[in-house]
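Presented below is the structure to which this report refers.
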Amino acid sequence: MSVLAKLEPQPVWNYFEEICQVPRPSKKEGKIIQYLLDFASKNKLEAKQDAIGNVLICKPASAGMENAPTVVLQSHMDMVCEKNSDKVHNFDTDPIVPMIEGEWVTADGTTLGADCGIGMAASMAVLTSKEIKHGPIECLITVDEETGLSGAFALQPGFLSGNILLNLDSEDEGEIFIGCAGGIDTIAKLPYKKESVPTGSFALKLSVTGLLGGHSGDDIHKLRGNANKILARFLWKASQKYKLKLADFKGGNLRNAIAREAFAVVVIPNADKENLVADFNIYSAEMDVEYKLTEPNMKLSHGSTDLPNEVMGDKSCTNFLNAIYACPHGILEMSSRMEGMVETSTNLAAIKFEEDHILVTTSQRSEIESRKYFAAEMVESVFLLAGAEVEHTDGYPGWAPNMDSEIVNITVDSYKKLFGETPIVRSIHAGLECGLFLEKYPALDMVSFGPTIKGAHSPDERINIETTRKFWDHLVDVLQSIK
């Protein structure tokens with residue numbers, strides 16, 4: 001039975017609920033691609049797919065609007081796959097289970113995929129509407145936005161014909177975005193040596209859970225905790241005081257999500273067990289004070305566990321803890337060009353022990369290209385000091401604001417007319433695909449807007465119902481205003 005059947009605008013929510021039934025992890029978009037192609041066939045719409053999997057669905061102009069310019073409605077089909085540690089869910093096969101909680105739609109213990117499922121759903125509602133008056137429509141739905149922007153990177157000139165693009169991947173209703181930060185990932189591989197567990201030892205598992213996490217661009221200014229940094233901070237201090245051995249560390253998951261959880265297995269002499277636990281409890285109380293306002297559900301916990309077969313050598317452990325403690329995380333610079341906007345940031349995203357090395361994934365963002373690389377090189381230098389091998393991804397460009405944009409003016413005027421107030425017009429610190437589109441289609445005139453989504457990239461993800469109605473009304477009016 002439909003959970004969202006009574007929500008308005010019904011066509012948007014109906015398609016969104018259908019999308020929730022289709023697994024669509026990044027780089028595994030085969031099922032959602034087939035769903036989109038079947039949708040186009042069912043509704044007798046022209047559709048095509050490029051070599052990487054991007055889908056374009058076209059709809060002719062309404063009667064009397066044949067001479068209006070072609071508009072590209074753009075969203076991405078993949079979603080961030082995050083779940084609570086106690087939730088059993090296979091993102092490759094299981095549907096997302098949407099739920100209504102007051103004024104919000106959320107999911108049961110997983111990410112919801114409103115980023116950017118709601119953009120897809122709105123595009124599909126436009127494609128099937130018989131009431132909206134519009135010029136020719138091209139709906140571009142890209143693959144792999146969340147883990148590499150692969151679809152946008154691979155988009156070829158000539159796939160699109162429109163010169164106006166409405167990006168439907170924003171998450172703050174009442175704000176219209178005209179630019180975004182560029183980004184790059186920095187990955188460190190830190191080798192380590194193993195040694196036997198000393199006799200007379202005790203093993204503890206230490207955990208940091210319950211953090212809000214969130215989008216490493218859109219939420220980085222909210223001063224939320226990073227589980228990797230919080231746990232490493234304690235381990236660094238404890239290693240100065242005790243003969244602590246580290247057997248495992250796992251924290252975070254995705255490059256573009258702030259780490260919500262981190263876990264470590266430590267081995268200490270039996271004689272130090274009670275003192276270490278006491279120190280951990282004191283540290284937990286200190287963190288409660290530090291993060292009282294930003295992380296109300298944070299939990300630091302400990303428990304005994306089986307002794308591991310091996311632990312890290314002392315030098316390897318020291319190098320690792322020094323590197324993680326020193327690695328920057330969060331805001332590096334605020335913008336001098338746009339008041340209140342983050343200019344440059346870095347995210348200590350994920351830490352994972354492999355067989356003979358530790359894999360550390362970080363991501364950097366900036367509205368200034370040179371400072372994007374400066375941030376990446378700063379992170380690199382920390383891990384080089386620890387003896388790691390470091391590599392950077394190719395990264396992606398930012399989207400420079402065009403203050404003379406005609407579509408921006410149309411979008412702002414439409415919002416004023418509909419809602420009686422002036423929207424905020426700004427850049428966003430998160431990455432959008434728009435900068436890559438401009439490289440292939442330099443004549444594009446672009447704008448980005450959407451409903452309010454909170455907690456994106458985390459199981460707390462939720463979309464506001466009322467702002468979804470406003471987003472739809474705004475989208476329809478913009479399309480009808482492009483003459």
Side-chain angles (χ1 to χ4, degrees), residues 25-28 80-83 85 90-92 144 146-148 184-198 201 203-209 213 216 226-236 238-239 244-267 305-329 346-364 376 379-394 457:
S26 301
K27 303 187 187 300
K28 297 180 180 180
V80 168
C81 297
E82 283 278 274
K83 66 182 184 68
S85 56
N90 185 340
F91 284 99
D92 291 347
D144 194 30
E146 298 289 5
T147 63
I184 190 171
D185 296 342
T186 302
I187 298 105
K189 293 182 179 180
L190 181 62
Y192 70 95
K193 293 184 177 180
K194 301 175 185 178
E195 62 182 37
S196 299
V197 176
S201 295
L204 280 170
K205 184 175 183 178
L206 307 179
S207 305
V208 178
T209 58
S216 63
N226 180 310
N228 290 327
K229 294 293 286 185
I230 291 171
L231 186 53
R233 177 175 163 187
F234 173 77
L235 293 175
W236 186 89
S239 69
L244 180 144
K245 307 286 186 179
L246 184 62
D248 191 26
F249 192 113
K250 177 178 174 57
N253 185 20
L254 301 173
R255 48 170 281 283
N256 53 5
I258 302 168
R260 300 169 44 252
E261 298 179 334
F263 309 91
V265 174
V266 299
V267 172
T305 189
D306 295 336
L307 277 172
N309 294 324
E310 296 176 307
V311 292
M312 293 180 70
D314 288 344
K315 184 175 181 181
S316 297
C317 183
T318 298
N319 287 343
F320 169 69
L321 292 179
N322 279 337
I324 300 303
Y325 201 4
C327 181
H329 169 82
T346 183
N347 175 42
L348 179 56
I351 301 170
K352 184 179 181 181
F353 271 45
E354 304 284 359
E355 181 61 30
D356 60 355
H357 68 272
I358 304 162
L359 185 66
V360 182
T361 302
T362 72
S363 62
Q364 294 76 46
V379 171
E380 177 184 11
S381 69
V382 170
F383 287 101
L384 289 177
L385 286 171
E389 297 178 6
V390 182
E391 61 181 28
H392 306 283
T393 61
D394 291 336
H457 297 187

Next item on the list: Measure the CD-NE2 distance between Glu380 and His392 for me, rounded to the nearest 0.5 Å.
Entry: 3.5 Å

Margin query: Could you check whether any side-chain heavy atom of Trp236 comes within less than 4.5 Å of a side-chain heavy atom of Ile324, counting everything from C-beta outward?
Written below: no

Note to self: Looking at Ser239 and Leu244, would you say the former's side chain and the latter's main chain have a donor-acceptor pair under 3.5 Å?
What the structure shows: no

Note to self: Within the 3.5 Å criterion, strictly below it, is a donor on Ser316 or Asn319 matched to an acceptor on the partner's side chain?
What the structure shows: no

Notebook entry, point to check: Of all heavy-atom pairs between Val267 and Ser201, which one has the smallest distance, and what is that distance?
Noted result: CG1-CB, 3.4 Å

Next item on the list: Count the heavy atoms of every other residue, nucleotide or ligand shown that sit under 6.0 Å from NZ of Lys27, and state whether that count exceeds 12.
Entry: yes

Margin query: How long is the straight-line distance from CG of Leu206 back to CZ of Phe249, given to the nearest 0.5 Å?
Written below: 10.0 Å

Notebook entry, point to check: For the atom pair NZ (Lys28) and CZ (Phe91), what is the distance rounded to the nearest 0.5 Å?
Noted result: 11.5 Å

Next item on the list: Mind listing the closest non-hydrogen atom pair of Ala247 and Pro308 along with its distance?
Entry: CB-CG, 3.6 Å

Next item on the list: Looking only at non-hydrogen atoms, find the nearest pair between Arg255 and Thr147 and report the distance.
Entry: NH1-CA, 3.9 Å

Margin query: Quick one, Phe263 with Thr209, criterion side-chain contact (heavy atoms from CB on, under 4.5 Å). Give me CA distance, side-chain angles, the key distance, then yes/no.
Written below: CA-CA 9 Å; Phe263 309 91; Thr209 58; 3.8 Å; yes

Checklist line | Point-to-point distance, once rounded to the nearest 0.5 Å, from CG of Asn226 to CG of Leu231 | finding: 10.5 Å

Notebook entry, point to check: Are any side-chain N or O atoms of Lys194 and backbone N or O atoms of Glu355, one a donor and one an acceptor, separated by less than 3.5 Å?
Noted result: yes

Check: Can you name the nearest heavy-atom pair linking Ile358 to Met312, along with the distance?
Finding: CD1-CE, 3.8 Å

Margin query: Quick check for you: to the nearest 0.5 Å, what is the distance between Phe320 atom CZ and Phe383 atom CZ?
Written below: 8.0 Å

Checklist line | Option passing side chain to side chain contact (heavy atoms under 4.5 Å, CB included) with His329 (candidates Val379, Asn228, Leu348, Thr362) | finding: Leu348

Next item on the list: Report the C-alpha distance between Val208 and Phe234 in whole Å, list the side-chain angles of each, state the deciding distance to 0.1 Å, and finish with yes or no for side-chain contact (heavy atoms from CB on, under 4.5 Å).
Entry: CA-CA 11 Å; Val208 178; Phe234 173 77; over 6 Å; no

Note to self: Surrounding CG of Asn90 (heavy atoms of other residues, nucleotides or ligands, distance under 6.0 Å), is the total greater than 12?
What the structure shows: yes

Checklist line | Value rounded to 0.5 Å, distance of CD in Glu391 from NZ in Lys189 | finding: 5.5 Å

Note to self: Using every non-hydrogen atom in the two residues, find where Ile258 and Ser216 come nearest and quote the distance to one decimal.
What the structure shows: CG1-CA, 4.0 Å

Item checked: side-chain contact (heavy atoms from CB on, under 4.5 Å) against Pro191, all qualifying residues, sequence neighbours excluded -> none

Item checked: Side-chain H-bond candidate by donor/acceptor type, Thr346 with Gln364, under 3.5 Å -> yes

Checklist line | Ring geometry between Phe353 and Tyr192 (parallel below 30°, tilted from 30 to 60°, perpendicular above 60°) | finding: tilted

Next item on the list: Using modelled atom types only, decide if a donor and an acceptor are shared between the side chain of Asn347 and the backbone of Ala257 within a distance under 3.5 Å.
Entry: yes

Notebook entry, point to check: For Glu389, does the CD atom have more than 12 heavy-atom neighbours from other residues, nucleotides or ligands under 6.0 Å away?
Noted result: no

Notebook entry, point to check: If every non-hydrogen atom of Gly387 is compared with every non-hydrogen atom of Leu190, which pair is closest and at what distance?
Noted result: C-CD1, 4.0 Å

Notebook entry, point to check: Does the Thr393 side chain pair with the main chain of Asp185, one donor and one acceptor, at a distance under 3.5 Å?
Noted result: yes

Checklist line | Side chain Lys229, main chain Cys327, donor-acceptor under 3.5 Å | finding: yes

Checklist line | Donor-acceptor side-chain pairing of Glu146 and His457 below 3.5 angstrom | finding: yes

Next item on the list: From the options Val266, Val265, Asp314, select the one residue that forms a side chain to side chain contact (heavy atoms under 4.5 Å, CB included) with Lys245.
Entry: Asp314

